[in-house]
Number of protein chains: 2
Amino acid sequence: MALGLSVDRSSPVPLYFQLAQQLEAAIERGTLTPGSLLGNEIELAARLGLSRPTVRQAIQSLVDKGLLVRRRGVGTQVVHSQVKRPLELSSLYDDLEAAGQRPATKVLVNTVVPASAEVAAALGVAEDSEVHRIERLRLAHGEPMAYLINHLPSGLLELDTGQLEATGLYRLMRSAGITLHSARQSIGARAATFDEAERLGEEEGAPLLTMQRATFDDTGRAVEFGTHTYRPSRYSFEFQLLVRS
Amino acid sequence: MALGLSVDRSSPVPLYFQLAQQLEAAIERGTLTPGSLLGNEIELAARLGLSRPTVRQAIQSLVDKGLLVRRRGVGTQVVHSQVKRPLELSSLYDDLEAAGQRPATKVLVNTVVPASAEVAAALGVAEDSEVHRIERLRLAHGEPMAYLINHLPSGLLELDTGQLEATGLYRLMRSAGITLHSARQSIGARAATFDEAERLGEEEGAPLLTMQRATFDDTGRAVEFGTHTYRPSRYSFEFQLLVRS
DNA sequence: GTAGTCCGATTGTCCGGACATACGGATTGA
DNA sequence: TCAATCCGTATGTCCGGACAATCGGACTAC
């Protein structure tokens, strides 16, 4: 097959990664059609001038992403389903932007407060110690969409209101050198209180979608604790899961 | 350190898997405390009589699970946070059982119907072709908790009402030899219609948590499409995410 | 005292090979 | 005709080694 696979040994990009990218691109592009066999690893390695472990590493990374399926004695084939991207730690801002909605943010509160018991527990800091508190209203097409309350440990990040209105919190954290690693989420629903309804332009008692999330960086340190409410008519959580085998 | 690590070469269980399990157990047990270094791979391999790639494979699997963090030039250490288990494709039945709630199921509908356009699209079958339809009421402590509507392609599974009341749908599928692979989920909220409220013992207009999910097996074939409504006072979605690096 | 440099330690990448295991089709036997 | 067996094929596991890249601390020079 003319997949045009090739690797550049002078590049600093790892060989297995180059191969994985090319395979993923071929799947995305439709050159590798769902259900089609990938050709055996030995032969593929020989064709590319790579060793089998390297080829396997590339393939494995795509299997982990859910793009390929390996079956012993059969071969490796492209998953034939509409499942494309697995779950990511999503950012509302990025989600909206990807959907072409041009999100806007209004920062309502950006201050330092003593940590409540709940916040302290979530962030793993002492109660009443100083934490940043920001409250933001997220809009799409001029309509309120979500009300976001976040707490961050102090000293982690400069929280500039202007920047917060121009981009998302996660992006700010990443550009400050923080590598996000994992998060604990809880998604529920409840009736809007009067204040909540007011802020989001809903009626009191209207259903709201709620999300609480504690985010951790790669050292396991809590870097953010958020309590968000969404207008369910404007937003729902969409994601793909992979089963752990 | 006296971690008591050892592998059984006569076991059919892969060596890297044995090691991974023992390391995970040690972390769970607290023998390996958060933040502690794991000792370098070379020495660990020598101590266990394994090769370095095997040890690396074990460690990598735990890194993928989010239990360990590797840093070049430093070593591998246990993540120090409360993040323990990453996201799984959760089964409401298993969730409830794990929480010690002794779930009960009432099967209200178990029949074969022509596929609606929505169902046909989700399952990847022709419109009006035959699909199974089941409607179940899930109770915990005698209280209604969720109303579950599921559609399955015909010929996939024997859907015995008795079995459906005794266990969960996912467990049934797994024991029928279906390997679940991935799912596409959408979680939202809305106000209960009169009928929905009736079924769940809520008031009309009360907030409901909704979930739609299409599940795929390892060949990418859709095996189930579910439309569920939950009482938010009784249930919320809890899960951990890992960031894809 | 401070900044730059060097160096040991540790993980990251890659190789080539060996044998085990499971799947599916072909062959063989009843 | 149908079922059990054999066998080729492809992935799964494991080994031992080599060199590169990066981190952090120690040392050195200014």
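Basis for what follows: all heavy atoms, side chains included, without hydrogens, waters or symmetry-related copies. A, B, ... follow the sequence lines: proteins, then strands. Residue 1 opens every chain.
For D:dT11, one of the phosphate oxygens OP1 or OP2 lies less than 4.0 angstrom from a side-chain nitrogen or oxygen of A:T76. Contact annotation: A:T54 side-chain N/O to C:dC15 OP1/OP2 distance is under 4.0 Å. Under 4.0 angstrom from either OP1 or OP2 of C:dG12 there lies at least one side-chain N or O belonging to B:R70. Taking only side-chain nitrogens and oxygens, B:R71 never comes nearer than 4.0 Å to OP1 or OP2 of C:dT11. Of the side-chain N and O atoms in B:R9, one or more sit less than 4.0 angstrom from OP1 or OP2 of D:dC15. A sub-4.0 Å separation between OP1 or OP2 of C:dT13 and a side-chain N or O of A:Y16 is present.
When the C1' atoms of four end pairs are superposed on the next four at each end of the helix from C:dG1-D:dC30 to C:dA30-D:dT1, using five pairs per end, the two resulting axes differ in direction by 10°, to 10°.
Rounded to whole angstrom, the span from the CG atom of A:L19 across to the C1' atom of C:dC15 amounts to 16 Å. When rounded to the nearest whole Å, the span between CZ of B:R56 and P of C:dT11 equals 8 Å. Between the C1' atom of D:dT13 and the CG atom of B:L50 lies a distance of 12 Å, rounded to the nearest Å. Atom CZ of A:F17 and atom P of C:dC14 are 11 Å apart (whole Å). As rounded to whole Å, 12 Å separates atom P of D:dA10 from atom CG of A:L38. Per the geometry, CD belonging to A:Q57 stands 7 Å off P belonging to C:dC14, to the nearest Å. Between B:N40 atom CG and D:dC23 atom P the separation is 18 Å, expressed in whole Å. Nucleotide D:dA18 holds its C1' atom 11 Å from the CD1 atom of B:I42, rounded to whole Å.
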Side chain to side chain donor-acceptor pair (under 3.5 Å) for B:T227 and B:Q212? Distances and angles first, verdict last. CA-CA 5 Å; B:T227 301; B:Q212 277 203 325; 3.2 Å; yes

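Without hydrogens or angle criteria, B:E165 side chain to B:V107 main chain gives a donor-acceptor distance under 3.5 Å. Counting only distance, with no hydrogens or angles, the side chain of B:S116 and the backbone of B:V119 share a donor-acceptor pair below 3.5 Å. In this structure, the side chain of B:Q18 engages the main chain of B:D8 through a donor-acceptor pair within 3.5 Å. A donor-acceptor pair under 3.5 Å is formed between the side chain of B:Y93 and the backbone N or O of B:A166.
Under the rule for a side chain to side chain donor-acceptor pair (under 3.5 Å), the partners of B:S51 that lie at least two apart in sequence or sit in another chain are B:T54.
By the neighbour-count criterion of 12 heavy atoms within 6.0 Å, atom CZ of A:F17 is sparsely surrounded, having that number or fewer from other residues, nucleotides or ligands.
The residue B:P53 sits close to a base: some heavy atom pair falls under 4.0 Å.
Within the 4.5 Å cutoff, no side-chain heavy atoms of B:L37 are placed close to those of B:T76.
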Under 3.5 Å, N/O pairs linking protein and nucleotides 19-21 of chain D:
unit_1	atom_1	unit_2	atom_2	d
D:dA21	O4'	B:R72	NH1	3.0
D:dA21	O3'	B:R72	NH1	3.3

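Between the side chains of B:N110 and B:H132, no donor-acceptor pair is found at a separation under 3.5 Å.
Between atom CG of residue A:L123 and atom NE2 of residue A:H151 there is a gap of 8.0 Å, rounded to the nearest 0.5 Å.
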